[in-house]
Each structure stands twice: as C-alpha cells, then as structure tokens.
Amino acid sequence: MELDMSLEKDINYLLKGVVEVIPEDGLKNKILQAQKDGRQLRVKLGVDPSSPDIHLGHTVVLRKLKHFQDLGHKIVFIIGDFTGRIGDPSGKSSTRKKLTKEEVEKNAKTYKEQAFKILDPEKTEIRYNSEWFEKINFSEVLELTSKYTVAKMLERDDFSKRYKDGRPISIMEFLYPLMQGYDSVVIKADIEIGGTDQKFNLLVGRDIQREYGMEPQVVMTLPLLEGTDGVNKMSKSLGNYIGINESPTQIFGKIMSIPDELIIKYFELATDFTPDEIMELKNRLEHGDNPRDIKLLLGETIVSQYYDYETGKRAKEEFLEVFSKKLSIPDNTPTINLTQPRSVIDILVENNIVESKGEVKRLIKQGAIYINGEKIDKDIELDSSVKCVIKVGKKKFLKIND
RNA sequence: GGGUAGGUGCCCGAGUGGUCAAAGGGAGCAGACUGUAAAUCUGCCGCCGGAAGGCUACAGAGGUUCAAGUCCUCUCCUGCCCA
C-alpha cells in the first residue's frame with residue numbers, strides 16, 4: 001500500500017507539465033517493470049549539435065530529464081554528431097550547412113557544459129550517434145529502410161503539407177526519423193522525451209524498436225516554449241531565443257520583452273515554481289497587478305537559476321536603473337579605447353554595434369544616437385582622450401576610453 | 001526519358017527592354033506613446049559617398065542591344081503531369 005502511494009507520487013511528479021504520454025499507462029508500467037527487474041529506466045533525449053547554445057526552450061525538456069534523475073533513473077543523452085555532420089537538408093539551400101567534425105565536437109562540448117547546469121553528470125550517459133552510424137553498412141541501412149513505408153512517412157504533418165504544397169522533400173529527410181529510431185534501438189531506450197513537434201519521430205522509434213524485437217519505448221512530449229516574439233517556438237534561427245549562457249543583463253532584458261500572455265507559461269515551463277505559486281501569480285495578474293512587476297520576478301528567477309540569487313537580484317536592479325529610470329548604463333557595457341581621433345560613425349561600425357555606415361547615418365538622422373545623454377544630429381569626431389558613453393537606440397551602449 | 005511551370009532583395013511576392021536598388025506585404029531597425037510588453041502612428045530598411053554620383057544585385061555562364069530582372073543560347077536547381 002505504501003509502495004503504491006509513493007509510486008503515485010513519483011508519477012505525478014514526472015507528469016508535471018507533460019502534454020502526452022504514449023501509451024497512456026506506459027510510464028507506470030515501465031516503472032513497475034523496472035522495479036521488478038531491479039534496474040533503472042533508460043530515458044533518452046537526442047539533441048542536434050548544429051548550434052552550441054542551449055536556450056530556455058531546450059530547458060523545458062532538460063528539466064524533465066532532471067526529474068527522472070531525481071527519482072534515480074538513467075538519462076541517455078544522445079548527441080547527434082553524425083547527422084549534424086551530414087547537415088539537415090530541409091528547407092532551402094541555405095540550411096544545407098555541413099558541419100565539420102571539429103565544429104560538431106566543439107558544439108557538443110559547450111552543449112554538454114550547459115546541459116550540466118541542469119542535469120547531474122553522474123547520472124547521465126552521453127553517447128554520440130556516430131559511434132554506430134559510422135560503422136553501419138549499406139545492407140543494414142536497407143534493412144532499416146525496409147521497416148517503414150512512404151505512406152506512413154507522409155502522415156507526418158510537415159511532410160504531408162510540403163508534399164501537398166509541391167515543396168521538395170529529400171529522401172534523406174525520410175531517413176532522419178528512422179535514424180532517430182535506430183538510436184533508440186541501440187541504446188535500448190525505455191522512454192524517450194521531446195517537444196510536441198517531435199511526436200512523430202518519437203513514435204517512429206517505437207515502431208523501429210518493435211521491428212528489432214524490442215519492447216517499444218514510452219513516448220513523452222512536452223510543450224514548446226514560444227520565443228520572445230511570442231508567436232514562434234523558441235529557436236536560434238528565428239532569433240527569438242534566450243540562451244542560458246547569455247549574460248544576466250541579456251537574459252533579463254529578453255525576459256522583459258516577452259509578451260504579457262506568455263508570463264505564466266514561462267513560469268510553468270522555465271522555472272521551478274510550484275503549481276500553487278503559479279496559480280497565485282495568475283490571480284494577481286487577473287486582479288490588476290502590473291504585469292511588468294510579475295515579469296520582473298520572472299526575470300529575476302530565471303537569471304538566478306543559471307547564475308545565483310545575488311546576480312538575479314542585481315540584474316533586476318540594473319534593469320530598473322538603466323531602462324526605467326535611465327540613470328545608468330548596463331554593467332557589461334563594452335569599452336573601447338581610442339588611440340587616435342575617430343568619428344562616431346567609424347567607431348560604431350568598426351565595433352559591430354551597427355552594420356553599415358549608411359545605417360549609422362540613418363540612426364543619427366532619426367535621433368537615435370546619444371553621447372553622454374546628448375542627442376547628436378550629425379557625425380562628430382571623438383578625441384582620443386575623451387571619455388564618454390555612446391548610446392544607440394534604447395538598448396545598445398558603448399563606452400569610450402573608460 | 002518526355003511534357004510543363006518556375007527560380008527576384010532576410011522571407012513571401014509583383015515586375016511593361018529603358019522612368020528598376022526593383023511595387024506590395026511580412027520581418028527587422030529608429031522615433032512618438034508606454035511597462036525596453038502589446039496595439040497604434042511616423043520614418044527607415046543593398047554597399048560606399050556630405051552630395052552629385054558610383055558600385056554590387058534579380059539561380060549560373062555566355063550572347064543580342066545604345067540599353068536587360070525583362071530577349072536568345074547553354075548549364076544548374078525545384079515543383080507538377082506522363083513513362
């Protein structure tokens with residue numbers, strides 16, 4: 001009886017924030033099975049090392065893995081270095097970027113470091129899928145491809161849409177889900193988790209495992225977190241992401257710029273606030289509290305998670321000073337030293353604050369450039385001994401000779 | 001393999017041989033208003049130049065023309081239909 005109760009509790013913990021578990025009672029059965037066999041569950045997550053930055057969107061899934069670790073299970077973290085090196089051909093020619101072995105390794109390394117800000121390295125098994133895909137031969141590839149049909153592939157939403165719209169789909173893209181499924185076979189996954197957009201791939205894993213005479217994995221999907229634009233899922237390529245390796249100032253600033261409607265979702269998916277606490281915040285919002293204040297709390301909380309409490313607090317204070325009261329400039333404002341007199345236009349372009357000289361001129365015309373708080377209406381030469389702060393728009397700052 | 005429709009700036013998309021750096025929309029940037037939110041209004045939105053102007057650009061390579069995104073040839077890429 002007592003056992004049942006704690007099992008119930010564990011399961012509820014693991015289901016927090018989860019969108020779907022397939023099959024529905026799979027999680028419970030897996031746990032019971034593992035208990036009976038006296039072993040840990042192997043919980044799989046595959047990541048693509050095409051970009052080294054982990055953002056808040058990734059942390060939704062990582063946090064869930066952490067929950068499994070907390071209950072003593074094994075995380076198998078697969079780095080898709082093989083697939084990364086081939087390059088995902090989806091979309092247009094621009095996405096067809098192949099990564100070199102070195103790049104993939106570098107990305108994987110920084111990725112790991114960041115993941116371990118959330119996960120416990122002791123309880124994590126890291127695998128690279130080149131380990132098996134480099135060795136596989138063509139007849140084995142054929143065997144794998146024979147286990148799935150074109151019609152089933154076309155069931156996938158984005159494939160069928162692209163197919164109907166007459167947009168290209170490469171055969172390699174068809175291979176991706178199969179390869180992901182093969183990963184599950186190799187590492188003997190009990191459970192695989194991912195975002196809701198991964199549902200199809202995760203399910204293919206079940207079919208493939210079954211074909212290879214294995215008990216199919218349980219699939220768990222988690223919500224996708226929208227990025228700072230409030231519309232699209234957070235992703236680096238869309239530029240709407242908040243990276244956990246970014247500076248406290250940046251993280252805080254980006255949090256403040258998310259749409260109000262996302263505040264609660266962010267608390268749910270990107271913090272450790274309990275459902276009760278979140279409910280209370282929701283009430284406050286509905287009863288007319290300024291959403292800005294709740295957002296300040298969100299920013300402080302998230303910065304604290306990836307740095308520490310003091311840093312989180314400091315980020316909030318700085319934000320208020322710099323942007324609300326406009327009293328100071330951010331702590332991490334870059335500084336450059338002039339060795340000879342230079343014009344503002346040159347300085348801004350050379351330091352990559354602004355893209356081109358034409359743009360700086362435009363900004364000046366639009367009244368967006370300030371030096372020590374004074375708006376300038378034409379380009380000026382700065383002496384090499386002068387100490388000042390250049391402000392571009394509302395968000396960009398550059399210190400000179402300070 | 002045959003037929004056919006296409007490939008335009010970050011994305012979508014219009015484009016008559018000259019008036020095209022290329023309509024329109026979206027994204028983005030700036031200003032106003034704000035809570036560095038949203039909405040709204042205004043301006044900007046290839047590069048260089050103070051400007052005049054120059055340079056680069058309409059898949060790629062050639063060609064016709066005083067003049068080509070627009071015409072011709074070849075190449076590459078993609079969709080659809082047929083085999």
Side-chain angles (χ1 to χ4, degrees), chain A residues 89-97 154 159-173 226-233 235-242 246-267 281 284-285 288-300 302-303 315-330 332-333 343-346 348-350 352-370 375-381 390-397:
Chain A
S90 58
K92 301 270 157 55
S93 54
S94 57
T95 30
R96 197 166 301 169
K97 203 178 114 199
L154 285 173
F159 281 154
S160 64
K161 228 186 239 159
R162 278 160 67 186
Y163 192 64
K164 274 187 214 131
D165 293 353
R167 275 178 292 144
I169 303 170
S170 75
I171 300 287
M172 190 158 79
E173 288 177 273
E226 286 87 351
T228 52
D229 59 4
V231 179
N232 299 301
K233 78 166 183 175
S235 86
K236 189 165 187 189
S237 52
L238 291 173
N240 63 354
Y241 70 104
I242 303 174
E246 295 189 77
S247 72
T249 310
Q250 281 172 313
I251 294 178
F252 201 95
K254 287 186 181 183
I255 294 286
M256 290 310 286
S257 74
I258 65 169
D260 291 354
E261 304 77 62
L262 247 45
I263 296 176
I264 293 299
K265 191 164 185 184
Y266 267 59
F267 270 109
L281 292 173
R284 280 175 57 192
L285 278 174
D289 265 26
N290 188 341
R292 189 199 65 155
D293 297 330
I294 312 284
K295 232 192 258 181
L296 286 169
L297 174 64
L298 178 65
E300 186 180 357
I302 289 179
V303 173
K316 182 170 99 176
E317 283 162 5
E318 180 188 297
F319 177 85
L320 289 169
E321 278 172 30
V322 175
F323 297 107
S324 296
K325 298 180 196 154
K326 297 189 166 71
L327 289 178
S328 59
I329 63 169
N332 61 340
T333 299
S343 72
V344 171
I345 289 180
D346 289 339
L348 291 177
V349 174
E350 278 160 22
N352 297 319
I353 307 289
V354 182
E355 291 236 348
S356 72
K357 295 188 180 183
E359 191 174 345
V360 183
K361 285 175 203 159
R362 250 177 264 133
L363 290 166
I364 292 176
K365 221 178 276 173
Q366 293 178 135
I369 312 244
Y370 289 77
K375 194 188 285 183
I376 60 171
D377 57 5
K378 61 176 196 303
D379 188 24
I380 53 175
E381 188 99 341
I390 304 177
K391 183 179 165 206
V392 182
K394 285 175 193 157
K395 299 170 197 171
K396 294 179 190 160
F397 296 85

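Keep in mind it's a predicted model, so treat the numbers as computed, not measured. Here is the naming used below: chain letters follow the sequence lines, and residue numbers restart at 1 for every chain.
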Cation-aromatic face contact A:Lys164/A:Phe159, 6.0 Å, 45 degrees: no

Rounded distance in Å - CD (A:Gln366) to P (B:G43): 11 Å

Would you classify A:Leu262 as touching base, sugar-phosphate or nothing, given that sugar-phosphate means primed atoms plus P, OP1 and OP2, and contacts are heavy atoms under 4.0 Å? nothing

I'd like the C1' distance from B:G6 over to B:A32, given in whole Å. 44 Å

Closest listed nucleotide, where the reference is the side chain of A:Ala368 and the choices are B:U36, B:G35, B:A30: B:A30

Distances for protein N/O vs nucleotides 77-80 of chain B N/O pairs under 3.5 angstrom?
residue: B:G79; atom: O4'; partner: A:Gly166; partner atom: O; Å: 3.4
residue: B:G79; atom: O2'; partner: A:Gly166; partner atom: O; Å: 3.3

Separation of B:A30 C1' from A:Leu363 CG (nearest whole Å): 6 Å

Mate of B:C47 across any strand shown (Watson-Crick or G-U wobble, both atom pairs under 3.5 Å) is B:G54

Take A:Lys295 and A:Tyr266 through the side chain to side chain contact (heavy atoms under 4.5 Å, CB included) test and state the conclusion after the steps. CA-CA 10 Å; A:Lys295 232 192 258 181; A:Tyr266 267 59; over 6 Å; no

Nucleotide opposite B:C80 in a Watson-Crick or G-U pair, distances under 3.5 Å: B:G3

For B:G69 versus B:U19, give the span between their P atoms, rounded off to a whole number of Å. 9 Å

Taking only residues two or more places apart in sequence or in another chain, which ones pass salt bridge (charged side-chain N to carboxylate O under 4.0 Å, His left out) with A:Asp346? A:Arg342, A:Lys357

Side-chain N or O of A:Ser324 versus OP1/OP2 of B:U36: is the shortest distance under 4.0 Å? yes

Between A:Asp229 and A:Asn232, is the side chain to side chain donor-acceptor pair (under 3.5 Å) condition met? List the steps. CA-CA 7 Å; A:Asp229 59 4; A:Asn232 299 301; 3.1 Å; yes

When the C1' atoms of B:U75 and B:A83 are considered, how many whole Å apart are they? 25 Å

Can you check the A:Ile364 CD1 to B:G31 C1' distance for me, whole Å? 15 Å

B/S/- along nucleotides 47-55 of chain B (protein heavy atoms under 4.0 Å) is SSBS-----

Is there a donor-acceptor pair under 3.5 Å between the side chain of A:Glu321 and the backbone N or O of A:Glu318? no

d(A:Tyr370 OH, A:Ile376 CD1) to nearest 0.5 Å is 11.0 Å

Result for side-chain contact (heavy atoms from CB on, under 4.5 Å) between A:Ile345 and one of A:Asp379, A:Leu363, A:Val354, A:Ile369 points to A:Asp379

Enter the distance from A:Asn240:CG to A:Glu226:CD here, rounded to the nearest 0.5 Å. 9.5 Å

Roughly how far, to the nearest 0.5 Å, is the CE atom of A:Met256 from the CZ atom of A:Arg292? 6.5 Å

A:Phe397 versus A:Pro330: any side-chain heavy-atom pair under 4.5 Å? yes

Need the pair for B:C74. Rule: Watson-Crick or G-U wobble, both distances under 3.5 Å, any strand; none if unpaired. B:G60

Nearest-Å distance, CG (A:Leu297) to C1' (B:G35)? 16 Å

Let's test this: given Watson-Crick or G-U wobble pairing with both distances under 3.5 Å, identify the partner of B:A30. B:U42

What's the closest nucleotide to the A:Asp260 side chain, out of B:U36, B:U34, B:A37? B:A37

If we take the P atom in both B:C45 and B:A52, what is their distance in whole Å? 13 Å

